[in-house]
Amino acid sequence: MTNQQVRIPKIILGMSGGVDSSVCAYLLQKQGYEVIGLFVQNWDRDLNNDILGKTNNASCDFTKDFNDAKQVADKLGIKIYTTGFISLYWNKVFKYMIQEYRQGLTPNPDVLCNKFIKFDEFIKYAKKHFGCDQIAMGHYANIKKTNNKYFLERSLCEDKDQTYFLCWLNQKQLSHTIFPLGNINKTRVRQIAKTQGFLNWNKKDSTGICFIGERKFKPFLQNYIKPKIGKIIDIVTKQCVGQHEGIAYFTLGQNKGLSLSGQKKRYYVCGKDVKHNVIYVCDQSQRKRFLTSTQCTITKFNWISGISQNKNVLVRFRHRQKLIRAQFKIVNNQMILSYTPTLAITPGQFAVLYQNKRCLGGGVIVKIL
């Protein structure tokens with residue numbers, strides 16, 4: 001085969017304007033791929049009534065982010081395009097988030113964003129409009145293929161590992177995806193960006209909700225969930241110690257924003273009664289008693305590469321949380337997970353299972369036992 005007959009693989013890279021996706025573009029190009037950037041906007045403040053809760057942090061300033069991405073694309077000599085899935089993001093991710101909060105739960109929209117937008121709508125768009133071989137994202141994670149099966153594994157950079165948010169991906173999605181940063185730490189990423197002259201080499205990492213950015217949590221939710229005054233009750237004394245503006249604005253284990261400054265005790269949210277609009281709190285001395293659990297029920301569990309035959313696993317209940325030893329069993333299509341005593345496990349959040357470096361998958365916590 002002559003050189004003219006060799007087809008260069010085409011990669012569509014999700015470019016956000018951040019340093020991670022920028023370095024991905026450089027690495028992929030260096031590896032010989034034809035790289036095309038695709039900048040996606042999935043949130044419109046005006047259209048989505050995003051009025052309250054703005055911060056001074058210019059996180060998710062789409063014009064600035066696109067200009068940052070374009071600067072990198074121009075420097076590398078690659079094309080960059082824009083698109084958006086604003087209505088799809090609203091229907092598939094944001095509506096779910098609001099519905100969960102209304103029920104007193106604490107959802108994780110980033111998991112759904114990855115499942116339904118970044119690795120579904122993005123892939124379909126890239127295949128349809130560019131005929132690409134694969135897509136790439138700047139996530140800190142690894143994909144390994146063994147015996148025609150794809151496995152999701154933790155990043156070399158443990159502090160930045162994002163497999164927790166990728167726990168609902170499936171075999172098809174993994175087969176279309178490359179994670180160029182899986183074996184690089186963040187310090188090295190910034191060094192590469194600086195050496196290549198990328199103006200965003202020291203840009204602050206994005207924070208907050210996927211594609212929305214950082215917001216003041218309670219005011220932001222008040223755009224979509226109206227305040228509803230209710231009692232805050234000490235779970236031990238049964239005395240009312242204050243008022244709250246809405247159960248949706250609080251999560252288990254929270255001790256800030258309770259407006260209980262007149263109290264001598266430091267209180268933590270330890271329970272919610274959605275029906276009667278009551279938040280229960282306990283003081284520091286009772287925290288372990290009312291917020292520690294050793295079992296939970298999980299539903300909608302996604303096994304990335306098939307059900308594990310080994311019931312001994314590691315679990316992570318929050319991103320960057322320390323991995324905890326656990327065991328699982330399946331009962332009536334739900335998972336019962338037993339683990340070492342842990343504080344503030346929260347219904348609505350995801351429990352993500354691991355064995356060594358491998359991410360087995362994740363599901364939604366529905367009940368603390």
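For this chain, numbers begin at 1 and follow the sequence in order. In what follows, every heavy atom counts, from backbone to side chain, and hydrogens, waters and symmetry copies are set aside.
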Heavy atoms of other groups near Leu47 CG, more than 12 under 6.0 Å
yes

Any ion pair linking Asp283 and Lys264 (charged N to carboxylate O, less than 4.0 Å)?
no

Between Asp234 and Tyr267, does any side-chain donor sit less than 3.5 Å from a side-chain acceptor?
yes

Tell me if the CG atom of Asn310 is crowded by more than 12 foreign heavy atoms within 6.0 Å.
yes

Residue pair Asp50 / Asn223, side-chain heavy-atom distance below 4.5 Å
yes

Should the pair Arg316 and Tyr164 be classed as cation-pi, given the thresholds of under 6.0 Å to the six-membered ring centre and 45° from the axis?
no

Between Thr297 and Gln334, a side-chain donor and acceptor under 3.5 Å
no

Under the salt bridge (charged side-chain N to carboxylate O under 4.0 Å, His left out) test against Glu153, which residue among Lys144, Lys357, Lys145 passes?
Lys144

Quick one: are Phe211 and Lys118 in side-chain contact, heavy atoms under 4.5 Å?
yes

Take Asn142 and Asn183 through the test side-chain contact (heavy atoms from CB on, under 4.5 Å) and record every step on the way to the result.
CA-CA 8 Å; Asn142 278 302; Asn183 292 309; 3.4 Å; yes

Whether over 12 other heavy atoms sit under 6.0 Å from Lys92 NZ:
yes

Taking CG in Asn333 as the centre, count heavy atoms belonging to other residues, nucleotides or ligands within less than 6.0 Å. Is the count above 12?
no

Would you say the side chains of Arg358 and Gln355 form a donor-acceptor pair under 3.5 Å?
no

Answer yes or no: is there an ion pair linking Asp20 with Lys160, defined by an N-O contact shorter than 4.0 Å?
no

Apply the side chain to side chain contact (heavy atoms under 4.5 Å, CB included) test between Phe317 and each candidate in Leu343, Leu337, Val352, Thr346; give the one that qualifies.
Leu337

Once you measure the plane-to-plane angle for Phe179 and His139, does it fall in the parallel (<30°), tilted (30-60°) or perpendicular (>60°) bin?
tilted

Examine the side chains of Tyr354 and Thr163 and answer whether a donor and an acceptor come within less than 3.5 Å of each other.
yes

When you measure from the side chain of Glu214 to the backbone N and O of Gly208, does any donor-acceptor pair fall under 3.5 Å?
no

Min side-chain heavy-atom separation Lys115-Asn170 under 4.5 Å
yes

Under 6.0 Å between ring centres: does that hold for Tyr224 and Phe94?
yes

Using a 6.0 Å cut-off, check whether atom CZ of Arg325 has over 12 heavy atoms from anything other than its own residue.
no

Tyr125 and Leu38, any side-chain heavy atoms less than 4.5 Å apart
yes

Taking all non-hydrogen atoms of both residues into account, name the closest pair between Leu221 and Ile98 and its distance.
CD2-CD1, 3.9 Å

State whether the side chain of Gln171 and the backbone N or O of Tyr150 hold a donor-acceptor pair below 3.5 Å, judged by distance alone.
yes

Please state whether the rings of Phe39 and Phe62 are parallel, tilted or perpendicular, taking 30° and 60° as the class boundaries.
perpendicular

Is the side chain of Thr342 donor-acceptor paired with the backbone N or O of Thr340 at a distance under 3.5 Å, no angle test?
yes

Co-membership, hydrophobic cluster, residues Leu166 and Val40, 4.5 Å side-chain
yes

Below 4.0 angstrom, N of the basic side chain to O of the carboxylate: do Asp65 and Lys203 qualify?
yes

Give a yes or no on this: more than 12 heavy atoms of other residues, nucleotides or ligands lie within 6.0 Å of atom CG of Asn148.
no

How about Phe116 and Phe85: are their ring centroids closer than 6.0 Å?
no

For Phe165, enumerate each residue passing the ring-ring contact (aromatic ring centres under 6.0 Å, His included) test, keeping only those at least two apart in sequence or located in another chain.
His319

With sequence neighbours excluded, residues passing salt bridge (Lys or Arg N to Asp or Glu O under 4.0 Å) with Glu34:
none

For a quick test of reading the model, state the closest non-hydrogen atom pair linking Val19 to Arg190 and the distance between them.
CG1-NH1, 3.8 Å

What heavy-atom pair brings Ile298 and Ala351 nearest, and what distance separates the two atoms?
CD1-CB, 3.5 Å

Given Trp303, which partner from the list Phe328, Trp168, Phe151 fulfils the ring-ring contact (aromatic ring centres under 6.0 Å, His included) test?
Phe328

Does a donor on one side chain and an acceptor on the other come within less than 3.5 Å for Tyr33 and Asp133?
no

